[in-house]
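First up is the structure itself, then whatever we jot down about it.
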Amino acid sequence: MDYQFAAIEKKWQKFWAEHQTFKAEDKTTKPKYYVLDMFPYPSGAGLHVGHPLGYIASDIFARYKRLKGFNVLHPMGYDSFGLPAEQYAIQTGQHPAITTEANIATYRRQLDQIGFSFDWSREVRTSSPDYYKWTQWIFIQLFNSWYNKTADKAEPISKLVEHFEKYGSTGIDAVCDEEVLSFTADEWRALSDNDKQAELLKYRLTYLRESTVNWCAALGTVLANDEVKDGFSERGGYPVEQKKMMQWSMRITAYADRLLKGLDTIDWPEPLKEMQRNWIGKSVGALVKFRIIAPPKPSPVGRASEESAAKVSPTGGDLEGAIEVFTTRADTIFGTTFLVIAPEHELVEPLTTPGQKTTIEAYINQTKKKSELERMAEAKTVSGAFTGSYAINPVNGEKIQIWIADYVLAGYGTGAVMAVPSGDQRDYLFAKQYNLPIIPIIDIQNIETEADPTKEGRYINSGFINGLTYKEAAATVIAKLEELGAGKAKVNYRMRDAIFGRQRYWGEPVPVYFKDGLPHLIEEKDLPLVLPEVDKYLPTESGEPPLARASNWKYQASPKSSPKERTLKEGEAASLSFGEGRGEAYEYELSTMPGWAGSSWYWYRYMDAHNDKEFASKQAVEYWKNVDLYIGGSEHATGHLLYSRFWNKFMKDLDLVIEEEPFKKLINQGHIQGRSNFVYRLIDDAGQGTNTFISHGLIKQYKTSPIHVDVNIVENDILDINKFKVWRPEYKNAEFILENGKYVCGVEIEKMSKSKFNVVNPDNLIERYGADTLRMYEMFLGPLEQSKPWNTNGIEGVFKFLRKFWRLFHDDAWNFNVSDEEPTKAELKSLHKIIRKVEEDVDRFSFNTSVSSFMIAVNELTDLKCNKRAILQDMVIILSPYAPHICEELWVLLGNPAGTLSYTPYPKFNAAYLIEDEFAYPISINGKTKINLNISLSLESKDIEAFVLANADVQKYLDGKAPKKVIVVKGRIVNIVL
RNA sequence: GCUCAGAUGGUGGAACUGGUAGACACGCAGGACUUAAAAUCCUGUUCCCGUAAACGGAGUGCGGGUUCGAUUCCCGCUCUGAGUACCA
């Protein structure tokens, strides 16, 4: 029979599903291999041809590994909490669970028809209570943990409490809030429970804090930094403003250094590692305190005393009378000629002298008005204002001016810098603009036209470091600052703690209730805390999150609380209401978790997806360990991929998992872009659009406006005019100005999206060519990691290849016809070439080149008229990861039991079949190939040289001249230098 | 601005550690089969000179270098894409 792909594919997809062919084993002697795809958010639009690219690659890899004898875990699931379902719910009133369910069904149907070898028995959905129970459980573990810097790991909060009870706060080195209390053990014990809890909250790995958040009024929620682009929400493009809010945060900064160091241990693309490094933004430097000279009073005494300087500090404590700056170049401190603080800095007001008040206020107002975008656009210019106050450089006692400027960011470091105009370009521009001194501090520094940040040369104008090199100077300055009590070495990170609350409905509820204004965990046995029903998915009139709409949604203190909990609650016991199991009702936390919560640990759930006692059994985690190969887009570099590493490290600290890093090897598949087509509408003199459309080649002669046109009614950029007229009613009477009788459309490469009419749907292609063709064509398109626009033009070639392959097994009348004859040398050579080639290609994820190699092999075998079982059976195995359906069918036709192909051993490569006696040596003269000569491979270089020089054709090229040199590379080339 | 990736025929791309540049496919041109079309098959297809072939010349973004030999390594530049952005 002819190649009936539709019937074959349907048949085998059904077979695989019914027989659970791809179910990973939990007990086996086989080595394990874990191949993971980034699970999709099931959007309403379904899959377009770009989505399966990575899935096809991982599926080929997973299938290949099974042939190679591995127990492969290759699961799939859905990241099913998220904004779009909720926004749809707001518009339609339909529960997001219903739309999500419908979208998942579409995704599943589309995925199934591509023939993936997923183990669907392990499917997870982040929005399912069975799953988010464990997301909440991990939240509880985070809440119950603190980061011990001495041990460099997370530890139970109970250990911290023990320490406080015995020794007070001394001896604790933790990653915690800035303003923690110092206390003795007695003082700790004297605190009320509430005060204790308030204090502990400053240590917990997830904690509540008033933070400045990205508030998006249109979406009614808080967004993470990576969800905001240029001051607008990534989703929807609504304006985002800064707002102060009580928020759950994750102390990811505790792991900053481990997240950075771990990058060196994993096999990830370098650009992606670089993005994470930049995001973490480690800089090694020093904190330096500059004492403030009080603003001059309107009194006859010109210079203020030190006592009055102390009074300028509004807060007292550490900052008393000083501005603290962070610098990575403490060695340049003698070049400091002024200080600059951010306009938002808390000392701006006390430092401003009455004389400068108007200037400073005007400047602050001006910066406030500037949007993020404007500040970026002006990156080249600097502006600022003088506060009127002065500070003292601790190393030389110089009196320097204190300025404010918006090039200093309040959110980084201490929000204040020591300006060294000779070494920093921004400081240099600032000094030039406001006529401040510029002092060169290194002998070879050239500061004629711009700052010179060199570290070469010797220091000058620099007191006790004069004559030293950079290395010596840096260490000496920091030592001196420490001695003076004016500074210390400090590592600073750009990364901030991650905000963990969203004022939305469609997310995991936070397993917390509030008592006396403090958060308390609900008990583990009460998990999951299920998302309540609400009447509307909008914030309340008073601005509370949607969960505030849930009626009777309150926490009831449980009667069966653990003894420990009970002692903690002792104080309240009297106030609890009477009655069995009837606690007082408390408010639950009303915000939900962010989108990244559920995706930060899901790969563990696949290991043991139906466990209702644990997130995954110890045994399963010990067997599967971590993900061997992870394929997904690079857009998750500083979101999902960073948070996942963070949670993994935390879980490792608690001995819940055994690997420090979750994803050993990562591949970023490229993005398939859309290829949009345009028609050009003629604009009349009045500036109105007409009903006439100009072909692309002629648009220069007219005034036109481009309009996206559906790519499905365009072929090879030629518009199908009849289809265009019926595409939309308003084009029914459209007229055209053609070139060469055709309407040529314009082309642009853009993101694939509905609104641009450039979406190519896999369903149509599968209907026309089959899934095996689609799979191989997507791989054939180019290197996996490269982004490229979708172009269906070459798909015919792949389809023809599969038909040709099918034909090898059939005679002219399409009868299955395979011979048992011994294969010839040439046939074995073709086979073993492809055996090795595919091994090499899969190992380096070069799937496009193996597709062409398959074509070569099938072309060769077709030319050889080979229909021998000994060759074709192995061909079926090798091709099966790429085109599984056709191969399953042929496998059975060859007489093998159905369903065994996926686990049959990959053919063994035998180099003996590739050994040649002769090689057609390219003979080149001065590096230019002239002719090829067949020479026995057993000849040694010397004999080859003699043979070549004796050749008549070569003699002709030599033209009687004696060669200066002859280079012979055995088995490669002969080059004659004249 | 900085960081990273990339630039090869009409198109997608191949050439893995320096060794025959353009594999494989698309497209295009010509041909076979056919009343015709579709499908299928065959031939050609980097560019230039030449009637065609032989033959000759140029050629992997641009300019230089190293080498017997460079798409590959080094230096400088141009352009494209991605990320990031006053990070002290």
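Note on naming: letters A, B, ... go to the chains in the order of the sequence lines (proteins, then strands), and numbering restarts at 1 for each one.
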query: For A:Q425, what residues pass the side chain to side chain contact (heavy atoms under 4.5 Å, CB included) criterion, not counting sequence neighbours?
result: A:Y428, A:L429, A:E450, A:A451
- request: Not counting sequence neighbours, which residues clear side chain to side chain contact (heavy atoms under 4.5 Å, CB included) with A:K829? List them please.
  value: A:L914, A:E916
Which atom pairs, one a donor and one an acceptor, fall under 3.5 Å between side chains of residues 799-808 of chain A and the rest of the protein, sequence neighbours left out?
residue : atom : partner : partner atom : Å
A:K804  : NZ   : A:N859  : OD1          : 2.7
A:W806  : NE1  : A:M1    : O            : 2.7

field: By ring-ring contact (aromatic ring centres under 6.0 Å, His included) - contacts of A:F947 (at least two apart)
entry: none
- request: Would you tell me if any nitrogen or oxygen in the side chain of A:T414 comes within less than 4.0 Å of OP1 or OP2 on B:C87?
  value: no
message: Among residues at least two apart in sequence or on other chains, which ones pass ring-ring contact (aromatic ring centres under 6.0 Å, His included) with A:W268?
response: none
message: Please tell me if A:Y407 has a side-chain N or O lying less than 4.0 Å from either OP1 or OP2 of B:A88.
response: no
- request: Could you run through RNA chain B and flag its stems, i.e. three or more consecutive Watson-Crick or G-U pairs with both distances under 3.5 Å?
  value: B:1-7 with B:78-84, B:10-12 with B:24-26, B:27-32 with B:40-45, B:46-48 with B:56-58, B:61-65 with B:73-77
Please tabulate, one pair per line, each protein N/O and nucleotide N/O from nucleotides 22-25 of chain B that are separated by under 3.5 Å, including the distance.
residue : atom : partner : partner atom : Å
B:A25   : OP1  : A:N859  : ND2          : 3.1

statement: Sequence neighbours excluded, the answer for side chain to side chain contact (heavy atoms under 4.5 Å, CB included) partners of A:N932 is A:A920, A:P922, A:T929
task: Using side chain to side chain contact (heavy atoms under 4.5 Å, CB included) as the criterion, list what pairs up with A:A410, not counting sequence neighbours.
output: A:A342, A:E344
query: Is any side-chain N or O of A:Q425 closer than 4.0 Å to OP1 or OP2 of B:A88?
result: no
- prompt: Going by modelled atom types, is there a donor-acceptor pair between the base of B:C26 and the side chain of A:N793 at under 3.5 Å?
  reply: no
query: With a 4.5 Å limit on heavy-atom distance, are the side chains of A:K837 and A:I856 in contact?
result: no
